Undergrad: 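Handing you a structure now.
A quick note: this is a predicted structure, and the numbers were derived from the prediction, not measured. Here, residue 1 is the first one in the sequence, and each next residue gets the next number. Atoms within a ligand are numbered from 1 in the order they appear, just like the ligands themselves.
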Amino acid sequence: MALSGPVGLVWLRRDLRVSDHAALYHALRSCAQVHCVFLFDAAILAPLPRADRRVEFIQRSLESVDAGLRALSGHAEAGLIVRQGLAEQEIPRLAQQLGASAVFANHDDEPDALARDARVRRALEAAGVALHTYKDHVIFERSEVLTQSGSAFSVFTPYKNAWLRKLNAFYLSAYPVERYAQQLAPRPEGERRRVPSLADIGFEPTNLHELPLPTGSEGAQQLLADFLPRMADYGEARNFPAVKGPSYLGVHLRFGTVSIRELARLAWNAAAQEQNPGAAVWLSELIWRDFYHQILSHHPHVAVQSFKPAYDAIAWESGAQAERLFAAWCEGRTGYPLVDAAMAQINQTGYMHNRLRMVVASFLVKDLGIDWRWGERYFAEQLNDFDLASNNGGWQWASSSGCDAQPYFRIFNPISQSEKFDGAGRFIRRYLPQLAGLPDKLIHAPWLAGPVERAAAGLELVAAGTVPGPASYPRPLVDHAEAREKTLARYAVVKGAVV
Ligand SMILES: Cc1cc2nc3c(=O)[nH]c(=O)nc-3n(C[C@H](O)[C@H](O)[C@H](O)COP(=O)(O)OP(=O)(O)OC[C@H]3O[C@@H](n4cnc5c(N)ncnc54)[C@H](O)[C@@H]3O)c2cc1C
C-alpha cells in the first residue's frame, strides 16, 4: 500500500482498544508515524449528570489504551493523546499541530455521530487533511447484507440467514495491528500528559468500582474468560435473571474494549461443535446487534419515530397522570415485584437482564400506556451498555412499532413472566429484600397475601405508588387484566394498517 503521508492521526471513539482495530491498522499500514487521540467531546458530555458510570468506564478504559500503546510500540512516550472540546475544532487543530496529513477513524452510524463526522470532515478538508473511515464496530454494516431485490431487511430471520451465508473466515479475522506497531510515534513534548482524571474533566466517581464490571480490554478479556465455559448453556440460562447466564459484555461491545470479530469468531467456531448448542444462540444475539445497526443506518427516522408509521397515531397517556405513572416505573414502585426489582437493578448497577428489559418495556407501554420513547430515554440515561440502535430496536420491539416486533396484541403478563423466569423469587429477593419473607407462590403478587402471611413475612402493604420503606411494599398501580383491555383498545388504530 502506498504511504499516504508520513504522519497519521487515529481518532478513537467507540473502539477503545489497541488490538484488532481497523482504523489503527490502516493508519499503521499507510503512515510512517502514527498518533492516537481520544476526545472528551463537549457536545456529548455537557448534558450528562456529573456522576455517570459510562464516563468513568471510558476514563478507566483510556488508561488501559494509553498503557497498551506504550507496550505495543516499545516507546515510553507513545501513549494516548487526550483532548477535550468540540470535535470539529479539536481534531483539525491537533492534526495540524502534529503535521498529520490524514485522520483515521472507525464508523459510527448514529445520526448525531454522522453529522459530527461530516462537520469534522469539512474542517479537515479545509486544512488539507483527509478523513479515512472504516467498518469496525459490526461484522456487516450499512448495505453489506441486502435482500435479493437489493433492499434492506426488516425481518430478522431472513437477515440472519443471509448474514450467515455471507460470513466466512475473512470477515472474522483480526487486524494484525501488532505487526506494524513500530510506526506508533512518541507524543510531542507538549502532549506527554497522563490520561485526565474524572475530576480533570469535571466528573465525579460513581459506584462502578463496586460492580462486577472490570474496565478496558483486560476487563473484557476477564469477562470473556468467565463466559466461555458457560457459553454451551447460554441458550437456556440466559432467560433467568437470577442465574449467571449472559456474558455481561454489552458495555465492552458498546465502547469497543473488545472486538466484535473476536467474539463472533469464538461463537462461530464453537457453534460448529455439536456439544455447544449455546454458541449458536449467542451468535444469533450478536447478529441481532448487527441487524439493529443496519436498521438504524437505513431508517434513521426510527431514532425519533416509529419504524411503522401507523403506530405514531396511538394516543398515549399524557399529563400529570402519565408523569405519575412514569415516575413510579422509573423508581421501581409499580407494585409488580419483577418489574420493580428490574428497575432497582438498572438504577443501582446500570445493567438490566435482557428478559427484564423486555418485561419492563412491555409493562411501561402496554400496562401503563406510556409512549415507548419515554422508556427509551430513561434507558439511554441509565444503561452502561446504552447503544442507540439496540436500545431503539428493543423498545420498538416491545411496543410493536418496530421492524419484526412482537404483534401488538401480545402483551406480557408481569406475573406469569415472574413465575416462569424467577419462580423461586431469587432475583426479586435480591433487589426487594422487604419481600424476602413471603412464600415463593406469593412473591410474584404480594397483594394476594392475606394478613397472616403478611404478618409472618413482616410486610406491610401500602397504597399504590407510595415510596416503600424497608418493611413495606406498594399495592399494584394498575390491574393487569384491565390494562390489557385498555391497551388493545388503544392499539386499535393500527389494526389493518399497511406497514
Ligand atoms: C428494551 C430493550 C432495550 C435494550 N437496550 C440495549 C442497549 O441499549 N444496548 C445493548 O447493547 N443492548 C440492548 N438491548 C439488548 C439486550 O438486552 C442487551 O444487549 C443484553 O441484555 C446485554 O447483556 P449481555 O452483554 O450480558 O448480553 P449477552 O446475552 O451476553 O449477549 C451478547 C451481546 O449480544 C448483543 N445482544 C444481545 N441481545 C441483543 C438484542 N436483543 N439486540 C441487540 N443486541 C443484542 C449485545 O451486544 C450483547 O452484549 C435492549 C433490549 C431491550 C428489550
Undergrad: In terms of side-chain geometry, is the basic nitrogen of Asp233 or Arg238 positioned less than 4.0 Å from the acidic oxygen of its partner?
TA: no
Undergrad: Checking a contact table here: which protein heavy atom is nearest atom 2 (C) of ligand 1, and how many Å away?
TA: Gly394 CA, 3.7 Å
Undergrad: What is the nearest protein non-hydrogen atom to atom 3 (C) of ligand 1, stated with its residue, atom name and distance?
TA: Asn391 OD1, 3.3 Å
Undergrad: What class does the angle between the rings of Phe227 and Trp282 fall in, given that below 30° is parallel, 30 to 60° is tilted and above 60° is perpendicular?
TA: tilted
Undergrad: Would Trp395 count as being in polar contact with ligand 1, using the rule that some N or O on each side must be under 3.5 angstrom apart?
TA: no
Undergrad: So that I can tick it off, tell me whether Arg17 and Asp136 are bridged by a salt bridge, with the cut-off set at under 4.0 angstrom between side-chain N and carboxylate O.
TA: yes
Undergrad: Is the ring pair Tyr431/Phe427 parallel, tilted or perpendicular, if the boundaries are 30 and 60 degrees?
TA: tilted
Undergrad: So, for atom 19 (O) of ligand 1, does the protein have a heavy atom nearer than 4.0 Å?
TA: no
Undergrad: Using a 4.0 Å cut-off to any heavy atom of Tyr292, which atoms of ligand 1 qualify?
TA: 42 (N), 43 (C)
Undergrad: So, does Met358 sit close enough to ligand 1 that a heavy atom of it is under 4.0 Å from the ligand?
TA: yes
Undergrad: Enumerate the atoms of ligand 1 whose separation from the nearest heavy atom of Asp387 is less than 4.0 angstrom.
TA: 7 (C), 8 (O), 9 (N)
Undergrad: May I ask you to say whether Asp112 pairs ionically with Arg116, meaning some side-chain N is under 4.0 Å from a carboxylate O?
TA: no
Undergrad: Got a sec: does the NZ of Lys166 have more than 12 other heavy atoms crowding it under 6.0 Å?
TA: yes
Undergrad: Given that the side chain starts at C-beta and the backbone is N, CA, C, O, which of these parts of Trp282 lies under 4.0 Å from ligand 1, counting heavy atoms, or is it both or neither?
TA: side chain
Undergrad: Would you please classify the geometry between the His132 ring and the Tyr134 ring as parallel, tilted or perpendicular, with 30° and 60° separating the classes?
TA: tilted
Undergrad: May I ask whether Tyr234 places a heavy atom under 4.0 Å from ligand 1?
TA: yes
Undergrad: Among all protein heavy atoms, pick the one closest to atom 13 (C) of ligand 1 and tell me residue, atom and distance.
TA: Arg357 NH1, 3.3 Å
Undergrad: How far is atom 30 (O) of ligand 1 from its nearest protein heavy atom, and which residue and atom name does that atom have?
TA: Ser247 OG, 2.6 Å
Undergrad: Counting from 1, what ligand 1 atoms have a heavy atom of Tyr248 closer than 4.0 Å?
TA: 24 (P), 25 (O), 26 (O)
Undergrad: Does Arg357 make a cation-pi contact with Tyr351, if we ask for NZ or CZ under 6.0 Å from the ring centre and within 45° of the axis?
TA: yes
Undergrad: With the threshold set at 4.0 Å, does a side-chain nitrogen-carboxylate oxygen contact exist between Lys486 and Glu482?
TA: no
Undergrad: Just let me know how Phe227 lines up against ligand 1, side chain, backbone, both or neither, with a heavy-atom cut-off below 4.0 Å.
TA: neither
Undergrad: Quick one: which of Arg238, Arg289, Lys244 has a heavy atom closest to atom 47 (O) of ligand 1?
TA: Arg289
Undergrad: Under 4.0 Å from any heavy atom of Leu253, which atoms of ligand 1 are there?
TA: 33 (C), 47 (O), 49 (O)
Undergrad: Identify, by atom number and element, the atoms of ligand 1 in contact range of Leu249, meaning under 4.0 Å from any of its heavy atoms.
TA: 25 (O), 49 (O)
Undergrad: Around atom 15 (C) of ligand 1, find the nearest protein heavy atom and jot down its residue, atom name and distance.
TA: Asn354 OD1, 4.0 Å
Undergrad: Count the heavy atoms belonging to other residues, nucleotides or ligands that lie under 6.0 Å from CD of Gln273, then report whether that count exceeds 12.
TA: yes
Undergrad: Considering both backbone and side-chain atoms of Glu285, is one of its nitrogen or oxygen atoms within less than 3.5 Å of a nitrogen or oxygen in ligand 1?
TA: yes
Undergrad: Check if Trp397 has a non-hydrogen atom at a distance under 4.0 Å from any atom of ligand 1.
TA: no
Undergrad: Among all protein heavy atoms in this structure, tell me which lies nearest to atom 43 (C) of ligand 1, with the distance rounded to 0.1 Å.
TA: Ser390 OG, 3.6 Å
Undergrad: What's the shortest distance from atom 33 (C) of ligand 1 to any protein heavy atom, and which residue and atom give it?
TA: Leu286 CD2, 3.7 Å
Undergrad: If you count heavy atoms of other groups shown closer than 6.0 angstrom to NZ of Lys135, is the number above 12?
TA: yes
Undergrad: Only one of Asp385, Asp109, Asp108 forms a salt bridge (charged side-chain N to carboxylate O under 4.0 Å, His left out) with Arg14, so which one is it?
TA: Asp108
Undergrad: Starting from atom 11 (O) of ligand 1, locate the nearest protein heavy atom and write down its residue, its atom name and how far away it is, to 0.1 Å.
TA: Asp385 O, 3.7 Å
Undergrad: If the plane angle is over 60° it's perpendicular, under 30° parallel, otherwise tilted; pick one for Phe156 and Trp288.
TA: parallel
Undergrad: With Trp395 as reference, evaluate Trp372, Phe307, Phe379 under the ring pair (Phe, Tyr, Trp, His ring centres under 6.0 Å) test and give the passing residue.
TA: Phe379
Undergrad: Out of all atoms in ligand 1, which are within 4.0 Å of some heavy atom of Gly250? Include the element for each.
TA: 25 (O), 49 (O)
